[in-house]
Each structure stands twice: as structure tokens, then as C-alpha cells.
Amino acid sequence: MPMWSAPPPPPSSLQLRRPPPPLPHRPRRLRSRLSPIAASQDPLTALSRLLWGRALPPSQLVLAVRHGWTAAWGLLMRQLAPSDPATGAFTRTPSRFPAVVGTPSARLHLYVGLPCPWAHRALLVRALLGLEHRLPLSVAVPGDDGAWSFTPDSPDALYGKRKLREVYAARRGGFEGRASVPLLWDAERREVVCNESIEIAKFLCDLAAADGSAGGLDLWPPELRQDIDRWYSFIYPSVNNGVYRCGFAQSQEAYDAAAGELFAALDRLEDHLSGSRYLCGGALTLADVCLFTTLVRFDLVYNSLFRCTRRKLVEYASLHAYTRDIYQMPGVAGTCDMAAIVDGYFGALFPLNPGGILPLVPASCGPEALLEPHGREALSSSAADAGGGGNGRQLEATSAS
């Protein structure tokens with residue numbers, strides 16, 4: 001270039017900007033796999049498809065998640081349902097206040113939860129004996145944390161507490177432990193009267209007798225108390241607690257033992273009730289109340305959720321008719337909230353149903369089915385009364401063996 005030539009003009013501002021670096025080359029297949037991440041409403045699903053497409057997850061991931069879930073499940077179950085470390089068998093925690101001590105005041109309050117069969121006993125006795133006017137009621141519901149709680153739709157009618165444990169804690173000396181239902185509370189003394197269901201039921205029977213509100217119905221007659229106790233000692237471990245021993249078993253051996261005992265007991269009850277209207281003959285007693293609250297939940301929750309699957313209750317002709325017989329008594333159906341029972345078990349027992357999906361109520365558990373004629377009025381009580389003591393002695397012999 002000649003020395004006298006004019007210098008070239010400076011670059012324009014656009015020329016001074018460095019062009020952006022070229023995009024790295026991406027395989028077309030990868031770009032197509034990235035697109036679901038932007039479009040999907042479920043990032044985890046999109047990410048999993050990015051990592052391994054539509055194939056099953058890698059075996060290492062499956063094993064890691066399985067071991068992690070099993071460990072977490074075991075931790076939850078040990079808190080929710082304590083078990084024997086050696087066998088994995090469910091061991092129920094004893095009630096903290098197992099008996100009525102002394103004479104409570106006249107200001108009593110009953111706390112229940114509708115899903116709970118133990119609370120249902122107290123609720124059912126209260127309804128059968130006409131104690132509604134004498135015994136105010138608060139209904140707790142399962143909270144997200146598994147604790148019994150109160151809501152605006154189902155409040156604590158006595159104190160307005162948020163949790164049942166707060167009611168327990170209001171007693172003198174406070175409270176530590178499980179806040180369970182049913183709870184019979186002395187509102188005047190701010191003290192727990194009892195939280196053992198069978199003892200609350202017996203106390204309510206005595207209360208109704210003294211109050212004269214039972215209308216002639218005696219669920220705890222002195223002449224049948226020995227038989228009632230014998231039947232209860234049979235049905236409680238095998239049936240009432242037996243379904244929980246199946247559902248909360250933490251080993252195959254524990255489950256097999258519990259399920260075998262449960263269905264052997266149901267077979268015996270089916271045989272007995274084919275010739276006797278009720279357990280102790282021709283009259284309804286506390287033994288029947290305690291059996292009913294398990295049977296009415298059997299096909300609804302225990303058959304599927306607790307793996308009590310050998311037979312459904314509807315397959316036992318006498319037991320199912322017996323359940324319908326009691327359900328159709330005045331006041332009983334009003335204590336059986338099937339939707340609350342399903343929600344309480346399938347919704348609240350997270351370790352047994354992690355997805356929280358609520359199943360349909362089986363047709364055999366709906367009001368229409370439970371109100372079908374049961375035909376048990378035709379059963380003669382004479383044979384049952386004649387064999388009542390014999391059955392009790394047979395049960396004693398069985399327990400002893």
C-alpha cells in the first residue's frame with residue numbers, strides 16, 4: 001500500500017462486536033429426548049425418560065429405592081405398630097388408663113374416632129343404651145401426621161383443642177404417650193377416667209342401669225358376665241386384634257400365624273352362630289358389640305388393606321347375617337360411617353397405603369346390603385342357651401391347650 005494512501009475507515013460498531021460462538025453440535029436424538037422436560041408437567045417422569053428412555057429403571061436404582069423404602073417402612077412400622085424384634089409379630093401397646101378407678105364426677109365427656117373399632121365399641125354402647133343426653137361427645141379425625149385431631153367440621157366440643165393429645169395433657173401431671181381413642185374424660189376433675197374400650201363399655205352399662213336410660217336393654221347382665229368374658233377372651237386376640245396382627249405383621253411367619261388363627265376363629269364363630277342368634281344365646285351382649293365392630297369393617301378394610309384374604313365376611317352366611325342383624329338395631333347404623341372408616345384406614349395408615357388412594361366401598365358393605373333381611377329371628381334361643389355354658393367351657397379348654 002502506498003504511504004500516502006488514506007487509512008481504511010474504522011470498523012463500524014456492529015463489526016466491533018464479537019459474534020456469538022456457534023452452538024455445539026447436539027445429536028438429534030438427544031434434542032428429541034430433552035423436549036419432554038420442557039413440555040412435561042411431571043419433571044421426575046421427564047428426567048427419568050431422559051436418563052433411560054421408556055425402559056425400566058436400572059437395576060441398581062431399583063435395588064437402592066427398594067432398600068431405602070424398606071428401611072423407612074420398618075422405621076415407621078416400629079413407631080406405628082410395635083412388634084416383637086425376634087418374630088416380627090405385632091404387639092399392641094397396653095392402655096395407659098386401663099380401668100375406671102374410684103367414682104368419677106357427673107360431668108363426663110366421651111372422645112371417639114369414627115374409623116377406630118375400639119372407639120366404636122363405646123359409641124355403640126352409648127347409642128344402644130340411650131346415653132346421648134347423659135354423655136356429650138367429641139369426634140376426632142386422623143390428622144396428616146397420624147395423630148387424632150379436631151377440625152372446624154369436627155371440633156373438640158369441650159375445650160376447643162386442636163389435637164386429642166392436648167386434651168390428655170390437660171390432666172393434672174400432664175401426659176406422655178399415645179393419645180388414643182376412646183377416651184372417657186372427667187370434665188369436672190380434668191382427669192382421664194379410662195381409655196380402655198371394654199372397660200369404658202362396662203362402665204357405660206352400669207351408668208345406664210343407674211340412670212334408667214337403657215330401656216330394658218342390658219348388655220352386661222350379671223348372670224351372663226362369665227360367658228361374656230369367656231367369649232371376649234376368645235374373640236379379642238384372634239379376631240379383634242387378630243386382623244391387626246395380620247395387617248401389621250413384619251415377617252411372613254408372623255403373618256401366617258395370625259391369619260391362620262383369625263380364620264380358624266371365624267370358622268368357629270360361623271359354626272356357633274348358625275345355631276345361636278347371638279354369642280351368649282338370644283340376647284345381645286357386650287361380647288356381640290365387640291365382635292360387631294370388627295366384622296362391620298372386615299370386607300371394607302381388613303380383607304384388602306390388612307391382607308385378611310382367605311375369605312370375605314360375605315362368604316360366611318351366618319356371620320354376615322349376624323352382622324346385618326346388629327346393624328339393623330335402632331341407633332346402630334348411625335354409628336357406622338363407612339366413608340370415615342375407609343378414609344381413616346386407607347388415608348391415614350401411610351405405611352400400608354403410601355399412595356393414599358381410597359378404594360370403592362364394596363357392595364356388601366353398603367347400607368342397601370346391610371339392610372337386607374337377615375332371617376335370624378327364627379333362630380331358637382333354647383339350644384343356644386343350653387349350649388352357652390358348654391361353649392364357654394370349650395373355649396376355656398381351647399385356651400388352656
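Annotation: cation-pi geometry satisfied between Arg307 and Tyr255 (NZ/CZ under 6.0 angstrom from ring centroid, within 45° of ring axis). Both tests hold for Arg311 against Tyr316: distance to the six-membered ring centre under 6.0 Å, angle to the ring axis within 45°. In this structure, Arg277 forms no cation-pi arrangement with Tyr322, as its terminal cationic atom is not both closer than 6.0 Å to the ring centre and no more than 45° off the ring axis.
Checked by atom type, the side-chain pair Arg324/His320 shows a donor-acceptor distance below 3.5 Å. In the model, Asp84 has no side-chain atom that pairs as donor or acceptor with a side-chain atom of Thr91 under 3.5 Å. Between Asp325 and Tyr278, the side chains place a donor N or O and an acceptor N or O closer than 3.5 Å (distance only, hydrogens not considered). Side-chain contact check for Asn195 and Tyr168: at least one donor-acceptor pair (N or O, by modelled atom type) lies under 3.5 Å.
Side-chain contact check for Leu158 versus Pro136: every heavy-atom pair is 4.5 Å or farther apart. At a threshold of 4.5 Å between non-hydrogen side-chain atoms, the residues Leu164 and Val181 count as touching. Residues Trp148 and Tyr111 form no side-chain contact, since every pair of their non-hydrogen atoms from C-beta on lies 4.5 Å or further apart. Residues Leu352 and Phe248 are in side-chain contact: their nearest non-hydrogen atoms beyond the backbone lie under 4.5 Å apart. The shortest distance between side-chain heavy atoms of Leu286 and Arg121 does not fall below 4.5 Å. Trp220 is not listed as a side-chain neighbour of Thr285, based on a closest heavy-atom distance of 4.5 Å or more. In this structure the side chain of Tyr159 never reaches within 4.5 angstrom of the side chain of Phe150, judged on heavy atoms. Side chains of Ile228 and Cys280 form a contact here, defined as non-hydrogen atoms less than 4.5 Å apart.
A donor-acceptor pair under 3.5 Å is absent between the side-chain atoms of His374 and the main chain of Leu371, judged by distance alone. When atom types are taken as modelled, the side chain of Gln250 and the backbone of Pro85 share no donor-acceptor pair closer than 3.5 angstrom. Although no hydrogens or angles enter the test, the distance criterion places a donor-acceptor pair under 3.5 Å between the side chain of Asn353 and the main chain of Ile357. Between the side chain of Ser154 and the backbone N or O of Thr151 there is no donor-acceptor pair closer than 3.5 Å. Although no hydrogens or angles enter the test, the distance criterion places a donor-acceptor pair under 3.5 Å between the side chain of Ser251 and the main chain of Thr87. At least one donor-acceptor pair closer than 3.5 Å links the side chain of Glu270 to the backbone N or O of Ser318. A donor-acceptor pair under 3.5 Å is absent between the side-chain atoms of Arg190 and the main chain of Asp186, judged by distance alone. With hydrogens and angles ignored, the 3.5 Å screen pairs no side-chain donor or acceptor of Asp299 with any backbone N or O of Ser364. For the pair Asn303 (side chain) and Phe298 (backbone), a donor-acceptor distance under 3.5 Å is absent.
Open room surrounds CD on Glu176; 12 or fewer heavy atoms of other groups in view lie less than 6.0 Å from it.
Using cut-offs of 30° and 60° for the angle between ring planes, the Tyr302 and Tyr345 rings count as perpendicular.
Of the charged side-chain nitrogens involved, at least one lies within less than 4.0 Å of a carboxylate oxygen, so that Asp206 and Arg225 count as a salt-bridged pair. Looking at Asp227 and Arg230, a side-chain N of the basic residue comes within less than 4.0 Å of a carboxylate O on the acidic one, giving a salt bridge. Note on Lys163 versus Asp145: salt bridge recorded, some NZ/NE/NH1/NH2 to OD/OE distance being below 4.0 Å. Salt bridge status for Lys202 with Asp229: present, with a side-chain N to carboxylate O gap under 4.0 Å.
Under the side chain to side chain contact (heavy atoms under 4.5 Å, CB included) test applied with Leu295, the options Ile326, Leu319, Asn240, Ile235 reduce to a single match, Leu319.
The heavy-atom pair separating Lys161 from Asp156 by the smallest distance is N-OD2, 3.0 Å.
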